[in-house]
Amino acid sequence: MRFSKPAWLLVFALLGLSASSVSTFVHYQLLKDPGFSSFCDVNAAVNCTRAYLSEYGSFLGVPVALGGVIFFALSTILAWIARRSPAAEQREGLIGYIYVLSILALAFVLYLAWASFVKLGTVCVLCLTTYIAVAGLFLVSGSGGGVAISRLLGRLRRDVQAVLKPPALVTALLFLAFATGLVLLFPRHPVDVAQAAQSYPPVTDQERAQLAQWWELQPKVEVPIASDGAKVLIVKFNDYQCPPCRASYYAYSPILEKFIKSGDVKFVLRHFPLETECNTTLKGDLHYSACEAAAAVVMAGPKGTSTALEAWLFAHQGPPPLSRAQIRDAARDVGGVTDYDAQYQKALEAIRPDTTLGGTLGVHSTPTFFINGRRLDQVIQPQFFEALIEFELKRQSGESQTP
């Protein structure tokens with residue numbers, strides 16, 4: 001059975017709609033659940049989370065995935081009507097509209113592909129699927145001699161008038177309500193993870209046993225940082241422009257504070273900005289002004305204001321991401337750093353040993369934790385993070401880790 005042009009357009013539109021819908025779900029979960037782990041995060045090179053939570057993951061405050069849902073939903077409607085239309089002139093017009101829309105979409109996805117492959121150095125499988133769908137819409141709608149744009153413009157007014165009459169008006173209003181609702185209801189900022197941490201249920205005995213078995217399988221390395229007599233050494237490689245770092249900061253801080261006060265746990269923060277200006281272990285930039293933010297904290301250290309500045313940076317992380325000017329102003333107003341520009345290069349030199357250590361230990365994303373040398377490179381729910389610390393405390397005391 002030979003597919004017609006409208007049928008192929010419908011196939012590519014549905015492919016894109018499916019991929020962008022899943023992308024939207026993943027992006028939503030990343031904002032709502034600090035412990036969410038996406039199925040398409042394979043490693044640093046194949047990672048959807050890095051793409052969604054980067055500055056390229058949203059456009060004008062709207063997640064790119066959400067824009068994809070709206071675009072592909074409209075393309076699906078146009079392709080469906082074209083496929084069912086008996087009039088050749090109407091089919092040509094609808095295909096023409098898809099062609100024009102796909103030109104704009106293709107320009108945008110080429111930019112996103114450049115950002116993903118070149119700037120971020122990662123591949124988002126779901127994003128790649130939408131790129132293929134857009135290219136398919138463009139090639140199919142423009143095949144067979146292309147579309148006469150002049151004729152399309154000539155019939156645009158007539159088609160708009162037709163849309164303003166029932167039953168087309170009902171469809172148009174429903175689509176407009178659908179698109180507006182998606183944009184308005186989608187969260188713009190990560191959930192208040194400090195509050196969310198309070199609502200997580202306690203770890204059951206079965207979960208604790210499974211977690212202990214998983215933890216034993218995690219790779220362990222020798223981290224060259226003194227524990228100073230603490231039973232558990234926790235090292236965090238951090239980026240102040242990284243949303244998961246923010247999530248872990250709020251979710252884990254009460255847990256760490258409790259254990260640190262007991263004297264059994266030592267927590268060490270190491271800078272690992274995902275920006276090549278101060279991190280030569282990277283292939284591309286992921287977070288602009290990440291080096292600036294880390295440098296500001298380094299400068300605030302001697303003044304005793306680094307903790308306050310760290311809290312400010314996470315509280316004002318965005319989106320949109322913080323600019324260098326905003327960070328410089330915060331360093332002055334919150335951290336008491338009056339000569340930010342003069343100290344900047346010296347601060348970068350202080351950061352580089354941290355990034356070098358991270359590279360040696362195989363760190364490629366943030367946050368990455370090492371708990372007594374065992375690696376944790378994802379943000380898990382707070383009660384499980386606390387359980388991992390308890391496992392290590394019991395290990396040092398020679399007790400069984402499983403219930």
Does the separation of the ring centres of Phe72 and Phe12 fall below 6.0 angstrom?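 So the answer is no for these two rings.
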For the residue pair Phe369 and Phe237, is the inter-centroid distance of their aromatic rings smaller than 6.0 Å?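 No.
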Minimum heavy-atom distance [X]-[Y], with the two atoms named:
X      : Y      : value
Pro273 : Cys278 : CG-SG, 3.6 Å
Gln343 : Val337 : NE2-CG1, 4.1 Å
Gly362 : Arg375 : O-NH2, 2.7 Å
Met299 : Tyr344 : CE-CA, 3.5 Å

Can you tell me which residue pairs pass the side-chain hydrogen bond (donor to acceptor under 3.5 Å, both in side chains) test with a partner in residues 298-310, sequence neighbours excluded?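 Counting only pairs at least two positions apart or across chains, the side-chain hydrogen bond (donor to acceptor under 3.5 Å, both in side chains) contacts touching residues 298-310 are Tyr240-Glu310.
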Would you mind listing every side-chain hydrogen bond (donor to acceptor under 3.5 Å, both in side chains) that reaches into residues 10-26, with sequence neighbours excluded?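 Residue pairs passing side-chain hydrogen bond (donor to acceptor under 3.5 Å, both in side chains), neighbours aside: Ser23-Tyr52.
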Does [X] have any ring-ring contact (aromatic ring centres under 6.0 Å, His included) partners at least two apart in sequence or in another chain, and if so, which?
X      : answer
Phe384 : none
Phe117 : none
Tyr288 : none

Find out if the SG atoms belonging to Cys124 and Cys40 lie under 2.5 Å from one another.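 Answer is no: Cys40 does not pair with Cys124 in a disulfide.
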Could you tell me whether the side chains of Ser248 and Lys236 share a donor-acceptor contact shorter than 3.5 Å?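 Result is yes, a qualifying pair exists.
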For a quick check under 3.5 Å, do Asp377 and Ser365 share a side-chain donor-acceptor pair by atom type?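 Side chains of Asp377 and Ser365: no pair found under 3.5 Å.
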Main chain of [Y], side chain of [X]: is a donor-acceptor contact present, judged purely on distance under 3.5 Å?
X      : Y      : answer
Asp239 : Thr366 : no
Arg328 : Tyr340 : no
Asn372 : Lys231 : yes

To the nearest 0.5 Å, tell me how far Ser141 OG sits from Trp8 CH2.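 If we round to the nearest 0.5 Å, Ser141:OG and Trp8:CH2 are 14.5 Å apart.
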Would you please name every residue forming a disulfide (SG to SG under 2.5 Å) with Cys245, sequence neighbours left out?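 With sequence neighbours excluded, Cys245 shows a disulfide (SG to SG under 2.5 Å) to no residue whatsoever.
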Counterpart residues, disulfide (SG to SG under 2.5 Å), relative to Cys242 (two or more places apart):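 Counting only residues at least two positions away or on another chain, Cys242 forms no disulfide (SG to SG under 2.5 Å).
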Identify each donor-acceptor pair in which a side-chain atom of residues 129-140 lies under 3.5 Å from a protein atom, sequence neighbours left out, and give them as a table.
from, atom 1, to, atom 2, distance (Å)
Thr129, OG1, Val125, O, 3.0
Thr130, OG1, Cys127, O, 2.5

Please check if the number of heavy atoms outside Lys346 that lie under 6.0 Å from its NZ is greater than 12.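 Result for NZ/Lys346: open.
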Please name all residues satisfying side-chain contact (heavy atoms from CB on, under 4.5 Å) with [X], sequence neighbours left out, ordered by chain then number.
X      : answer
Leu101 : Phe71, Leu74, Leu78
Val334 : Ala308, Leu309, Trp312
Ala7   : Phe3, Ser4, Arg83

Please tell me if the side chains of Arg246 and Gln241 come closer than 4.5 Å, counting only heavy atoms from C-beta onward.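 No, side chains not in contact.
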Is any side-chain heavy atom of Ile260 closer than 4.5 Å to a side-chain heavy atom of Glu257?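 No, every pair of side-chain atoms sits at 4.5 Å or beyond.
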Carefully, step by step, assess Glu275 and Glu292 under the rule side chain to side chain contact (heavy atoms under 4.5 Å, CB included). CA-CA 10 Å; Glu275 185 180 20; Glu292 285 82 350; 3.5 Å; yes
Mind running side chain to side chain contact (heavy atoms under 4.5 Å, CB included) on Thr281 and Phe272 for me, showing each step along the way? CA-CA 10 Å; Thr281 69; Phe272 199 80; 3.4 Å; yes
Report the C-alpha separation of Asp205 and Arg208 in whole Å, then their side-chain angles, then the decisive distance to 0.1 Å, and conclude whether the salt bridge (Lys or Arg N to Asp or Glu O under 4.0 Å) test is met. CA-CA 5 Å; Asp205 289 346; Arg208 188 175 294 274; 5.2 Å; no
Check this for me, if you would: do [X] and [Y] make a salt bridge, where the nitrogen-to-carboxylate-oxygen distance has to be below 4.0 angstrom?
X      : Y      : result
Arg324 : Asp341 : yes
Lys5   : Glu92  : no
Lys394 : Glu390 : no

Qualifying salt bridge (charged side-chain N to carboxylate O under 4.0 Å, His left out) pairs, either residue in residues 349-367, two or more places apart: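 Every pair satisfying salt bridge (charged side-chain N to carboxylate O under 4.0 Å, His left out) with a residue in residues 349-367: Arg270-Asp354, Glu349-Arg352.
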